[in-house]
Amino acid sequence: MEKYFSEVVENHAKTKPDHIAYIFMGQETTYGKFNEDVNRVTNSFLSLGLRPGDKIATILPQSPAFLNIYMAAASMGLVLVPLDPRFKSTEMAELCVRTRPRLLVSLAYPENIKQAAQELIKKVDFDFVYSYFGMLDDQKCKPYEELLTGSPQPVPDNVHPDPDAPLVIIFTSGSTGIPKGAVISHKNTWSIVKASIEAWGINSNDSVLVNMPTSHVAGTHDLIAIQLYAGATGIICPKFDPEEVLEFISKYKITYFGGVPTMYRIIMKKGNLADYDLSSIRIAVVSGEPSPPELIYKISSVFPKAKIVASWGMSETAGFFTFTKPDDPLEIAANTEGAPGIGLQMKIVKIDGTQAQPGEIGEMLVKGDSVISGYMDEESNKDAFVNGWLKTGDLGYLDENNYLHFAGRSKEMYISGGYNVYPLEIESYLNACPGINTSAVIEIPHDIFGETGVAFIVPEEGADLNLEKVKQYVTEGLADYKRPSKIIIEKDIPKTLIGKINKKELRKNISKYL
């Protein structure tokens with residue numbers, strides 16, 4: 001029986017020590033060497049007096065340092081709190097006050113991240129501080145490399161945590177309120193990587209582009225955890241740059257690639273696709289936010305030999321939860337998010353509390369070993385679970401094949417003139433309009449109808465998008481109560497860490513647009 005997640009690295013080091021675990025800046029690291037580095041960092045943590053249950057924070061991109069710290073934490077039962085490098089020091093401090101990490105490892109480059117980390121150290125009293133790619137201007141700070149001077153020998157068995165022990169705290173994006181800390185355990189992690197590999201057949205022959213943020217479940221689980229469990233090779237890409245992504249795919253013959261729709265749009269719009277060989281991609285995952293069918297078909301044309309698969313998931317499910325199959329027809333990935341993975345369950349509950357029939361929209365409730373047992377703060381757990389089922393706050397319906405059709409956030413639904421309006425439906429329609437790159441619809445109060453919608457539209461680069469034509473398009477295709485009362489064309493709108501439209505920011509600043 002599996003216990004602590006870093007067992008995967010230990011096992012690969014025993015069975016295939018010379019297999020490449022990851023490549024970073026052109027340098028290859030085998031599973032044997034990777035396991036030795038993890039042991040060194042783990043023993044260094046122990047020598048500092050860190051103990052199971054202690055929390056450690058990182059401000060790191062995808063990198064060897066993050067991989068080593070992540071797996072060292074897993075090995076000895078520390079709880080990792082990965083912070084978003086884009087956060088201001090005040091935002092980071094708020095999360096650290098809530099989690100109380102004893103140790104911080106931070107990037108010291110570029111200057112804005114270095115400055116934020118130094119301000120954080122002044123606000124939060126860490127016992128230990130280490131820096132990566134440079135030095136922080138603080139006398140407490142030591143170089144990350146000192147953690148690699150520990151013993152390469154395995155730590156004692158009694159140090160390893162049990163499967164139910166927490167592994168990482170991922171803070172939700174907070175698009176509907178204060179970020180909640182989802183406590184993801186080793187068991188949650190084992191469960192979701194098994195379901196993902198069962199669904200998509202990822203194996204040790206695959207090359208995985210590891211390019212999603214470490215402070216998001218897409219980085220810690222959808223990429224790193226799946227890659228390590230499979231024993232595949234990770235190609236570490238610290239930041240998202242469309243040209244670099246295409247270069248890495250071509251150079252390293254990437255076979256497994258994942259991203260949110262926004263990332264695919266940027267790649268197709270700003271990358272010089274004709275300059276690169278993209279034929280190695282075997283599985284291309286589209287997840288993280290709804291995608292119009294047209295985008296799925298475009299992605300398929302860009303990666304002609306790839307199976308395009310779709311998924312729905314969240315921090316609280318340790319990443320992916322539903323999966324389309326590689327052999328599903330393309331229209332399935334274009335129009336659904338797939339079925340729950342092996343050992344996972346989903347049901348749809350209507351507003352009156354009764355279970356929905358196939359085709360009926362309601363709130364999505366989930367259950368299974370990948371689902372967290374609770375949030376970090378008790379306040380967040382109130383009303384979060386019903387008889388063992390987690391209330392996701394998302395809306396959708398299951399079809400006759402148990403495939404999910406996502407309909408948006410329940411808190412985003414608004415009522416206009418007595419009619420339920422689902423912003424996702426309007427956004428999907430708008431996104432199919434020629435010249436529109438993406439859109440977001442939020443509600444505002446209305447004197448007569450109670451609520452009405454405001455549509456924010458981001459045009460395609462170089463597109464001559466005419467407001468009157470968009471209004472005509474809306475009139476032709478949407479019922480009157482679904483039509484936004486105001487349409488705003490903006491070149492860019494606020495986005496979250498992984499590229500989702502940040503409706504919280506739009507709502508907060510709505511007055512400046514109206």
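Just so you know, these numbers use all the heavy atoms, side chains as well, and skip hydrogens, waters and symmetry mates.
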What residues, two or more places apart in sequence or in another chain, satisfy side chain to side chain contact (heavy atoms under 4.5 Å, CB included) together with Arg51?
->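 Residues passing side chain to side chain contact (heavy atoms under 4.5 Å, CB included) with Arg51: Leu46, Asp54.
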Using side chain to side chain contact (heavy atoms under 4.5 Å, CB included) as the criterion, list what pairs up with Ala407, not counting sequence neighbours.
->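 Result, side chain to side chain contact (heavy atoms under 4.5 Å, CB included) vs Ala407: Ile361, Leu395.
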With [X], which residues qualify under ring pair (Phe, Tyr, Trp, His ring centres under 6.0 Å), at least two apart?
X      : value
Tyr397 : His405
Tyr130 : none
Tyr256 : none

Specify the closest pair of heavy atoms between [X] and [Y], including all atoms of both residues, with the distance to one decimal.
X      : Y      : answer
Ser380 : Tyr375 : O-CD1, 3.5 Å
Tyr414 : Pro423 : CE2-CG, 4.1 Å
Leu506 : Ala440 : CD1-CB, 4.0 Å
Val193 : Ile226 : CG1-N, 3.8 Å
Ile254 : Phe248 : CG1-O, 3.6 Å

Under 3.5 Å donor-acceptor, [X] side chain and [Y] backbone:
X      : Y      : result
Tyr70  : Thr220 : yes
Ser75  : Met71  : no
Asp162 : Asp164 : no
Lys140 : Phe126 : yes
His186 : Phe5   : yes
Glu337 : Ala310 : no
Gln227 : Ala232 : yes

Counting only heavy atoms not in [X], do more than 12 sit closer than 6.0 Å to its [atom1] atom?
X      : atom1 : answer
Lys269 : NZ    : yes
Asn387 : CG    : no
Lys123 : NZ    : yes
Arg100 : CZ    : no
Tyr109 : OH    : no

Thinking salt bridges, do Lys88 and Glu119 make one under a 4.0 Å N-O criterion?
->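 A salt bridge is absent here (no side-chain N lies under 4.0 Å from a carboxylate O).
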All pairs passing salt bridge (Lys or Arg N to Asp or Glu O under 4.0 Å) where residues 126-138 contributes a residue, at least two apart |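 Every salt bridge (Lys or Arg N to Asp or Glu O under 4.0 Å) pair that includes a residue of residues 126-138, provided the two are not neighbours, is Arg102-Asp127, Lys114-Asp137.
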From the options Arg507, Lys503, Lys486, Lys482, select the one residue that forms a salt bridge (Lys or Arg N to Asp or Glu O under 4.0 Å) with Glu443.
->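 For Glu443, the salt bridge (Lys or Arg N to Asp or Glu O under 4.0 Å) test succeeds with only one of Arg507, Lys503, Lys486, Lys482, which is Arg507.
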Are Tyr264 and Phe257 close enough that their ring centres sit under 6.0 Å apart?
->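 Yes, they do, as the ring centres are separated by less than 6.0 Å.
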Begin from the C-alpha positions of Leu430 and Phe456 and carry the test side chain to side chain contact (heavy atoms under 4.5 Å, CB included) through to its verdict.
-> CA-CA 10 Å; Leu430 287 171; Phe456 290 84; over 6 Å; no
Is it the case that Asn431 and Ser439 place a side-chain donor and acceptor less than 3.5 Å from each other?
->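 Note: Asn431 and Ser439 side chains meet the donor-acceptor criterion.
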Any donor-acceptor N or O pair under 3.5 Å, side chains Asn188, Ser185 =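 Side chains of Asn188 and Ser185: pair found under 3.5 Å.
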